[in-house]
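Chain identifiers are assigned alphabetically (A, B, ...) following the order of the sequence lines, protein sequences preceding nucleic acid strands; residue numbering begins at 1 within each chain. These numbers come from the heavy atoms of this one structure, side chains and all, not from hydrogens, waters or symmetry mates. What you see is a predicted model; the values in this text were computed from it and never measured.
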Number of protein chains: 2
Amino acid sequence: MAGRGTTQQRDEEPSGGGLPPTAWAVLGLLSFPGERTGYELKKWADASLRFFYWSPAISQIYAELRRLEALGYATSRRSGPEEPRAKRSYAITEEGRAALASWAGSGQDAGPPVLKHPLLLRVWLGHLTAPGHLRELVAEHIARTRGELKEVRDALARAGEAREAWSHPEVALRWSERRLESEVELAEAMLDDLERLGRTGPQPPGQRVADSPT
Amino acid sequence: MAGRGTTQQRDEEPSGGGLPPTAWAVLGLLSFPGERTGYELKKWADASLRFFYWSPAISQIYAELRRLEALGYATSRRSGPEEPRAKRSYAITEEGRAALASWAGSGQDAGPPVLKHPLLLRVWLGHLTAPGHLRELVAEHIARTRGELKEVRDALARAGEAREAWSHPEVALRWSERRLESEVELAEAMLDDLERLGRTGPQPPGQRVADSPT
DNA sequence: AATCCCATGTAAAACGTTACATGATTCT
DNA sequence: AGAATCATGTAACGTTTTACATGGGATT
C-alpha cells in the first residue's frame with residue numbers, strides 16, 4: 001500500500017520553514033552587523049564557517065541569496081545603480097531575522113554531525129594498500145591539519161577586537177581550534193596503531209585476500 | 001555547439017577512474033571476505049562506515065551496486081533463481097579489487113575531511129537564541145554522542161574475534177572511538193565557554209528578535 | 001490476521017559542484 | 001598594457017535523498 005510500512009506519517013514538517021541548512025547558514029552570515037556581497041560572504045565562509053560547517057560553492061551562495069530575497073528574508077541594493085553586473089550588497093530583513101531565530105531556537109535536536117573523512121576511508125581499506133603509503137597519507141594529513149590550525153588561530157586573533165554580536169562566533173572558532181588540535185592527536189595515535197600493526201602482523205607475502213582468483 | 005564554452009580544457013582526469021567516493025566505499029564494503037546483499041551492506045555501513053564516512057541511503061547503495069556490476073567490478077547472483085525481486089548477493093571481482101587497490105594507493109592526497117556540524121551552526125548563531133536553549137542543545141548532543149560511543153565500543157568488542165583482513169577496519173573503529181571521546185570533551189569545554197559568556201556579557205533584555213510574534 | 005522486518009527497486013526532486021561567460025577594477 | 005583579482009551570474013551535470021511501490025517471511 002502506501003509508503004513505508006502502512007502508516008505513512010507526514011514526517012513531521014521539515015520544521016523551521018523547510019529550507020536546507022545551507023540557506024540558514026547563508027542567512028546566518030547575513031545576520032551579523034553590516035551588509036555584504038556574495039563574494040565577501042564566500043570569503044568569510046572559507047575563513048570561518050568552513051571549520052565546523054563546510055563552505056558552499058560561490059554559485060550556490062548566489063543562488064541562496066536570490067532565494068532568500070524572494071522569500072523576503074533579505075534585501076539587496078546595487079552600488080552603481082544601473083549596470084547589469086554591478087556589485088550587489090545584501091542585508092537581512094526583520095522577517096529574515098525572525099525566521100532565522102525561530103529556526104535556531106526551534107528544532108530541538110539539530111541532528112547528528114556528519115563527517116566525511118577520506119583518509120579514514122583509505123585506512124579502513126588498508127588491506128589493499130602498501131603500509132608505507134598509508135603512513136605517508138596520515139603524515140600529510142597531519143601537516144595539512146596543522147596548517148588549518150594556524151588559520152583558525154589567526155582568525156581567533158583577529159576576533160580579539162570583537163564586540164557583542166561576535167562572541168558566539170568566537171565560541172565556535174574556539175571549538176574549531178580544539179577540534180583541530182584533537183584531529184592532530186587522533187592522527188598521531190592512528191599512526192602508532194598502524195606501525196604496531198605492521199610489526200605484529202607483517203603480511204608482506206601473505207595478502208591471502210588477494211590471491212583467491214575467482 | 002558542443003556544450004560548454006570554447007576553451008574546454010579536459011580537467012585533468014578525476015583520477016583513479018572517476019567514480020565518486022561513495023562508489024569506492026561500497027566496493028570497499030564488498031572487498032572484505034564474503035558476499036552480501038544491498039540490505040546487509042546498508043546495515044554494515046550504519047554500524048561502522050558511518051562513524052568516519054557517512055552511510056549512503058539504501059536506494060543509493062542499490063544504484064551503486066548496479067553501476068559496479070556494469071563496470072565489471074562486482075558480480076551478483078540470486079538465491080531463489082527465478083523470482084523478480086529475490087535476494088541478490090554481490091561479490092567483488094578481481095578487476096574490482098584491482099581498481100579499488102589502485103584508487104586507494106594512487107591519489108596522494110585524498111582531500112581534507114568535511115565536517116557538517118548542525119550544533120555548531122546553532123552555537124555560531126547564538127546571538128539569536130536564548131542562552132539556556134543553547135546549553136540544552138549541547139547537553140543533548142553530549143548524550144547522543146555517548147550513545148554512539150557505546151555503539152562503536154560494541155562494534156570493537158565484536159571485532160575482537162577478527163582475523164587478518166579485519167585489522168584495518170579495527171584501526172578505523174579505534175580512531176572513531178577516540179574521535180567520539182574527544183567530541184564529548186569538546187562539547188563539555190564549549191558548555192563552559194557558553195556559561196562564562198552568560199556571566200560576562202549578560203544580554204537578557206536585548207533579545208529583540210524573539211518576541212515579535214506574527 | 002495484522003504487523004514488523006526483510007528485500008528490491010523506480011521516479012522525481014532537491015542539492016551542490018564544475019565549467020563557462022563576462023566585464024570592472026586594481027596591481028605591476 | 002597585461003595580469004590578477006573582484007564580482008556576478010547561467011547551464012549542465014552528477015549526486016543523493018525522499019517518497020512510492022511491491023511483496024515474502026517471521027512474529028505476535
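Taking the ring pair (Phe, Tyr, Trp, His ring centres under 6.0 Å) definition, one finds that Phe32(A) meets it with Trp44(A), Trp166(A), Trp124(B), His127(B), sequence neighbours left out. Take Glu185(B) and apply the side chain to side chain donor-acceptor pair (under 3.5 Å) test, not counting sequence neighbours, and it matches no residue. With sequence neighbours excluded, the residues satisfying side chain to side chain donor-acceptor pair (under 3.5 Å) with Ser76(B) are Glu69(B), Arg88(B). Under the side chain to side chain donor-acceptor pair (under 3.5 Å) criterion, Ser55(A) pairs with Lys42(A), Asp46(A), not counting sequence neighbours.
The NZ atom of Lys42(B) sits 17 Å away from the P atom of dG9(C) (whole-angstrom rounding). Separating the CG atom of Leu19(A) from the C1' atom of dA14(C) is a distance of 12 Å, rounded to the nearest angstrom. The NZ-P distance, from Lys87(B) to dG24(D), rounds to 16 Å in whole Å. Atom-to-atom, CZ of Arg88(A) to C1' of dA24(C) comes out at 16 Å; the value is rounded to the nearest Å. Whole-Å rounding puts the Asp46(B) CG to dT17(D) P distance at 11 Å. Atoms CG (Leu41(A)) and C1' (dG9(D)) sit 16 Å apart, rounded to a whole Å. For Arg77(A) and dA7(D), the CZ to C1' distance is 15 Å, given to the nearest whole Å. Rounded to whole Å, the distance from CZ on Arg67(A) to C1' on dA13(C) is 12 Å.
Contact check on Arg67(B) versus Glu64(B) returns a salt bridge, with a Lys/Arg side-chain nitrogen under 4.0 Å from an Asp/Glu carboxylate oxygen.
Judged by closest nucleotide on DNA chain C, Ser89(B) is the one of Ser89(B) and Lys116(B) placed further toward the 5' end.
Panel note: side chain Ser102(B), backbone Ala98(B); no donor-acceptor pair is recorded below 3.5 Å.
Side-chain contact between Leu30(B) and Leu41(B) is present, with at least one heavy-atom pair separated by less than 4.5 Å.
Less than 4.0 Å separates DNA chain C from at least one heavy atom of each of the following residues of residues 47-65 of chain B: Ser59(B), Tyr62(B). DNA chain C is contacted by no residue of residues 29-39 of chain A, taking any non-hydrogen atom closer than 4.0 Å.
Side chain of Thr22(B), nearest nucleotide from dT10(D), dA7(D), dT16(D): dT16(D).
When the side-chain nitrogen and oxygen atoms of Arg78(A) are compared with OP1 and OP2 of dA24(C), none of them lie within a distance under 4.0 Å.
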task = Give the intermediate values and the outcome of side chain to side chain contact (heavy atoms under 4.5 Å, CB included) for residues Glu35(A) and Arg77(A).
result = CA-CA 10 Å; Glu35(A) 44 167 49; Arg77(A) 57 174 198 87; 2.7 Å; yes

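Shown here for Pro21(A) and Tyr53(A), the closest heavy-atom pair between the two residues is CB-OH, 3.0 Å.
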